K.L.:
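Please see the structure below; I have some questions.
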Amino acid sequence: MALALIDWAAPADRVARDLIGALLLVDGVGGRIVETEAYDMQDPASHSFSGPTARNATMFGPPGRVYVYRSYGMHWCMNVACREAGHGAGVLIRAVEPTVGLDVMRARRGVQAPRLLCAGPGRLCQALAVTREHDGLPVQAAPFSLQPADGPVAVVTGPRIGISKATDVPWRFGLAGSGFVSRPFPASRST
DNA sequence: CTTAGGATCGCCT
DNA sequence: GGCGATCCTAAGC
């Protein structure tokens, strides 16, 4: 049977949806992706909106590379670039259901509850030990491991979190019914 | 359960 | 100089 693959050249919202349910590991630690957000160059909320800069260079590079940036001066956030180079498109990984390496993640995070280990982009990077050193690396090679869901996944959508522009764009994607998302989704239809 | 404030600093105007 | 694609804690209802 055919192995499911992510089409990294697809638009950000497509990739964001396809990543829901995928197994993401960094050095053998991680779990199932349950929440993502899409960004692209036409989008005022995106880091890439005003064109290439030193920080967002990876977003404008080849698709499938990990874009890591520092948030609020203290957290790391992890994205994967998509579309062709130059498009400034990417998907923010916002939450993972921790399944592999629970104790390692607990130690890194300093909390016990699985629910709080990877629920949010900053928490996720702390639990998986993702830092600026990972910026620009291909997500399909070590230390990363990404295995797409091999079956149908029920996905819910909603407005993105923590932005002040384009707040009406429904480019937040989540695994329907998951208790590991960073925040509940407003009532929305599954697709 | 909801809201408010602070921490903390790199990036862009 | 201002502002975040955030998180934590404490206090209010």
Side-chain angles (χ1 to χ4, degrees), chain A residues 11-20 24 26 30 33-61 63-83 87-98 105-136 139 155-175 178-188:
Chain A
D13 57 325
R14 172 68 196 217
V15 175
R17 173 183 299 270
D18 289 348
L19 283 174
I20 298 298
L24 171 68
V26 181
I33 296 173
V34 296
E35 183 183 346
T36 61
E37 284 178 358
Y39 291 88
D40 76 21
M41 204 177 170
Q42 330 301 327
D43 171 13
S46 174
H47 289 174
S48 59
F49 181 64
S50 298
T53 66
R55 174 177 68 164
N56 67 24
T58 303
M59 284 189 85
F60 287 92
R65 302 284 183 96
V66 175
Y67 164 49
V68 181
Y69 70 93
R70 210 200 255 292
S71 175
Y72 289 88
M74 63 191 101
H75 306 292
W76 298 107
C77 293
M78 170 184 174
N79 304 252
V80 182
C82 57
R83 290 202 83 186
H87 281 260
V91 175
L92 172 69
I93 312 297
R94 283 194 56 91
V96 160
E97 175 181 346
M105 290 189 270
R106 287 190 175 106
R108 289 170 176 166
R109 289 274 299 121
V111 296
Q112 295 298 308
R115 179 187 187 92
L116 297 177
L117 291 179
C118 305
R123 291 165 168 172
L124 167 64
C125 283
Q126 186 179 27
L128 272 55
V130 172
T131 70
R132 179 116 202 144
E133 296 181 11
H134 296 91
D135 183 52
V139 73
V155 174
V156 292
T157 63
R160 294 170 295 181
I161 303 291
I163 57 173
S164 58
K165 300 165 192 165
T167 54
D168 55 324
V169 177
W171 272 10
R172 178 183 180 221
F173 301 86
L175 179 63
S178 174
F180 295 90
V181 295
S182 63
R183 294 171 54 173
F185 277 73
S188 61

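A quick note: this is a predicted structure, and the numbers were derived from the prediction, not measured. Throughout, a chain's letter reflects where its sequence line sits, starting with A, and its residues are numbered from 1.
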K.L.:
To the nearest Å, how far apart are His47(A) NE2 and dC3(C) P?
P.N.:
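So the NE2-P distance, His47(A) to dC3(C), works out to 16 Å.
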K.L.:
Do Thr157(A) and Arg17(A) come close enough that some side-chain heavy atom pair is under 4.5 Å?
P.N.:
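In contact.
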K.L.:
Check the distance between dG10(B)'s C1' and Tyr72(A)'s OH and give it to me in whole angstrom.
P.N.:
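Atom-to-atom, Tyr72(A) to dG10(B), this comes out as 13 Å.
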K.L.:
If you look at every strand shown and take non-hydrogen atoms under 4.0 Å, does Met78(A) touch a base, only sugar-phosphate, or nothing?
P.N.:
nothing
K.L.:
I'd like to check the ring pair (Phe, Tyr, Trp, His ring centres under 6.0 Å) partners of His134(A); sequence neighbours left out, ordered by chain and number.
P.N.:
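By the ring pair (Phe, Tyr, Trp, His ring centres under 6.0 Å) rule, His134(A) matches Phe144(A).
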K.L.:
Is there aromatic stacking of Tyr39(A) on dA5(C) here, judged by a ring-centre distance under 5.5 Å and a plane angle under 30°?
P.N.:
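Stacking is present between dA5(C) and Tyr39(A), given that their ring centres fall under 5.5 Å apart and the planes under 30°.
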K.L.:
Figure out the OH/P separation between Tyr69(A) and dC9(B), and round it to whole Å.
P.N.:
17 Å
K.L.:
Using a cut-off of 4.0 Å between protein heavy atoms and nucleotide atoms, how would you tag nucleotides 7-13 of chain C 5' to 3' with B, S and -?
P.N.:
SS-----
K.L.:
Verify the distance criterion only: is there a donor paired with an acceptor across the side chains of Gln126(A) and Arg109(A) at less than 3.5 Å?
P.N.:
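The criterion, which ignores hydrogens and geometry beyond distance, is satisfied for Arg109(A) and Gln126(A).
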K.L.:
Dot-bracket for DNA chain C, 5' to 3', counting Watson-Crick or G-U wobble pairs under 3.5 Å, with [ ] for crossing pairs and | for inter-strand pairs?
P.N.:
||||.|||||||.
K.L.:
The test is side chain to side chain contact (heavy atoms under 4.5 Å, CB included); show your working for Tyr39(A) and Ile163(A) and say whether it passes.
P.N.:
CA-CA 11 Å; Tyr39(A) 291 88; Ile163(A) 57 173; 3.8 Å; yes
K.L.:
May I ask you to check whether Glu35(A) and Ser182(A) show a side-chain donor-acceptor distance below 3.5 Å?
P.N.:
yes
K.L.:
Please identify each residue that fulfils ring pair (Phe, Tyr, Trp, His ring centres under 6.0 Å) with Phe60(A), with sequence neighbours left out.
P.N.:
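Result, ring pair (Phe, Tyr, Trp, His ring centres under 6.0 Å) vs Phe60(A): none returned.
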K.L.:
Mind listing the closest non-hydrogen atom pair of Cys118(A) and Met105(A) along with its distance?
P.N.:
SG-SD, 3.7 Å
K.L.:
Asp40(A) versus His87(A): any side-chain heavy-atom pair under 4.5 Å?
P.N.:
no
K.L.:
Does some side-chain heavy atom of Ile161(A) sit less than 4.5 Å from a side-chain heavy atom of Glu37(A)?
P.N.:
yes
K.L.:
Between P on dA7(B) and CZ on Arg70(A), what's the gap in Å once rounded to a whole number?
P.N.:
17 Å
K.L.:
Quick one: does any side-chain atom of Thr36(A) pair with a main-chain N or O of Ala16(A) as donor and acceptor, under 3.5 Å?
P.N.:
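Flag set: sc Thr36(A) to bb Ala16(A) pair under 3.5 Å.
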K.L.:
Consider only side-chain N and O atoms of Ser48(A) and Asn56(A), and report whether a donor and an acceptor are under 3.5 Å apart.
P.N.:
no
K.L.:
From CZ of Arg183(A) over to C1' of dC1(B), roughly how many Å is that when rounded to an integer?
P.N.:
13 Å
K.L.:
Are Tyr69(A) and Asn79(A) packed together at the side-chain level, in the sense that at least one heavy-atom pair is separated by less than 4.5 angstrom?
P.N.:
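In short, these two side chains touch, coming nearer than 4.5 Å.
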K.L.:
So which protein N/O to nucleotides 11-13 of chain B N/O distances come out below 3.5 Å?
P.N.:
from: dC12(B); atom 1: OP1; to: Thr53(A); atom 2: OG1; distance (Å): 2.1

K.L.:
Got a sec? Which of residues 162-171 of chain A come in under 4.0 Å of DNA chain B, heavy atoms?
P.N.:
none
K.L.:
So which heavy atom on Phe173(A) is nearest to which on Asp13(A), and how close?
P.N.:
CZ-O, 3.6 Å
